[in-house]
Amino acid sequence: MSDIALDEKTVFNLGPLTQIPVGEGRAFHVGGREVAVFRTRAGELFAVQARCPHKGGPLADGILGGKDIQCPLHGIAFDLSTGRPIGAECSALARFRVELSASEEVLLHASRPGVDLPQWPCGGPPPLPQLRSERGARGE
Ligand code: FES
């Protein structure tokens with residue numbers, strides 16, 4: 001895993017595109033957080049949080065199919081273009097804008113423009129309070 005030092009810039013140069021093989025992902029430390037950058041077989045780049053929101057699986061080691069990444073630990077898949085889980089109740093991935101420089105270096109924007117969903121832990125929102133047991137505890 002590469003380690004990029006934090007500075008005041010909002011764009012980080014992660015180095016040459018060639019370090020990310022086609023159809024794979026690589027994880028980087030960027031500004032104090034872990035980011036996974038994926039290079040699809042169609043030539044697109046996507047950058048998301050490196051750790052799966054389920055139980056922290058290393059997404060860069062997952063299976064990339066089209067724009068979907070499947071976590072290597074328990075198999076939850078995410079659409080990299082939206083960050084949303086596919087067929088599972090789970091938090092969406094934080095996404096980062098990523099582009100190539102004129103010299104084919106990977107430029108990552110540190111802002112998080114893609115975070116637009118409620119951040120529930122996997123399994124859905126927390127349960128509502130149990131009103132019946134509360135009444136029982138008060139002797140009603
Ligand atoms: S840690 Fe990713 S699916 Fe469980």
Side-chain angles (χ1 to χ4, degrees):
M1 180 183 296
S2 300
D3 196 352
I4 308 298
L6 174 65
D7 64 18
E8 296 302 315
K9 296 177 183 175
T10 58
V11 179
F12 297 87
N13 186 334
L14 304 185
L17 174 64
T18 53
Q19 68 189 308
I20 308 172
V22 173
E24 293 188 22
R26 289 291 182 266
F28 299 86
H29 283 146
V30 183
R33 56 185 132 187
E34 294 178 79
V35 175
V37 180
F38 296 91
R39 182 180 181 190
T40 71
R41 295 193 182 283
E44 293 178 286
L45 289 178
F46 294 98
V48 297
Q49 68 187 65
R51 294 285 169 184
C52 177
H54 180 222
K55 295 201 185 264
L59 292 174
D61 296 337
I63 298 170
L64 182 62
K67 295 180 181 179
D68 300 339
I69 184 67
Q70 185 175 26
C71 179
L73 286 194
H74 309 103
I76 294 177
F78 298 88
D79 180 337
L80 291 172
S81 66
T82 64
R84 296 172 194 251
I86 300 168
E89 290 188 32
C90 193
S91 298
L93 300 175
R95 294 180 294 126
F96 302 86
R97 190 156 70 89
V98 64
E99 61 189 352
L100 280 181
S101 71
S103 57
E104 298 236 311
E105 301 215 307
V106 179
L107 304 178
L108 182 93
H109 295 251
S111 58
R112 297 172 57 186
V115 177
D116 60 353
L117 297 172
Q119 297 295 299
W120 302 116
C122 289
L128 294 172
Q130 298 296 314
L131 297 177
R132 177 176 289 172
S133 61
E134 285 178 10
R135 274 201 300 265
R138 292 194 302 256
E140 296 174 0

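When a ligand or atom number is given, it counts from 1 through the structure's own listing order.
Between Cys71 atom SG and Cys52 atom SG, the angle centred on atom 2 (Fe) of ligand 1 amounts to 110° (nearest 10°).
Residue-level check: among N/O/S atoms of His54, ND1 sits closest to atom 4 (Fe) of ligand 1. Counting just the N/O/S atoms of His74, the one with the shortest distance to atom 4 (Fe) of ligand 1 is named ND1.
Those atoms of ligand 1 that come under 4.0 Å of a heavy atom in Lys55, given as number and element, are 1 (S). When each atom of ligand 1 is checked for a heavy atom of Ile76 under 4.0 Å away, the hits are 3 (S). Atom numbering of ligand 1 starts at 1 in the shown order; those under 4.0 Å from a heavy atom of Gly57 are 1 (S).
Follow the hydrophobic side-chain contacts under 4.5 Å out from Val48 and you never reach Val22; the two are in separate clusters.
Distance CZ/Arg51 to CG/Leu73: 8.5 Å, rounded to 0.5 Å. For the atom pair CG of Asp79 and CZ of Phe46, the computed distance is 7.5 Å after rounding to the nearest 0.5 Å. Residue Arg95 holds its CZ atom at 6.5 Å from OG1 of Thr82, rounded to the nearest 0.5 Å.
Atom CD1 of Ile86 sits in a crowded spot, with more than 12 heavy atoms from other residues, nucleotides or ligands closer than 6.0 Å.
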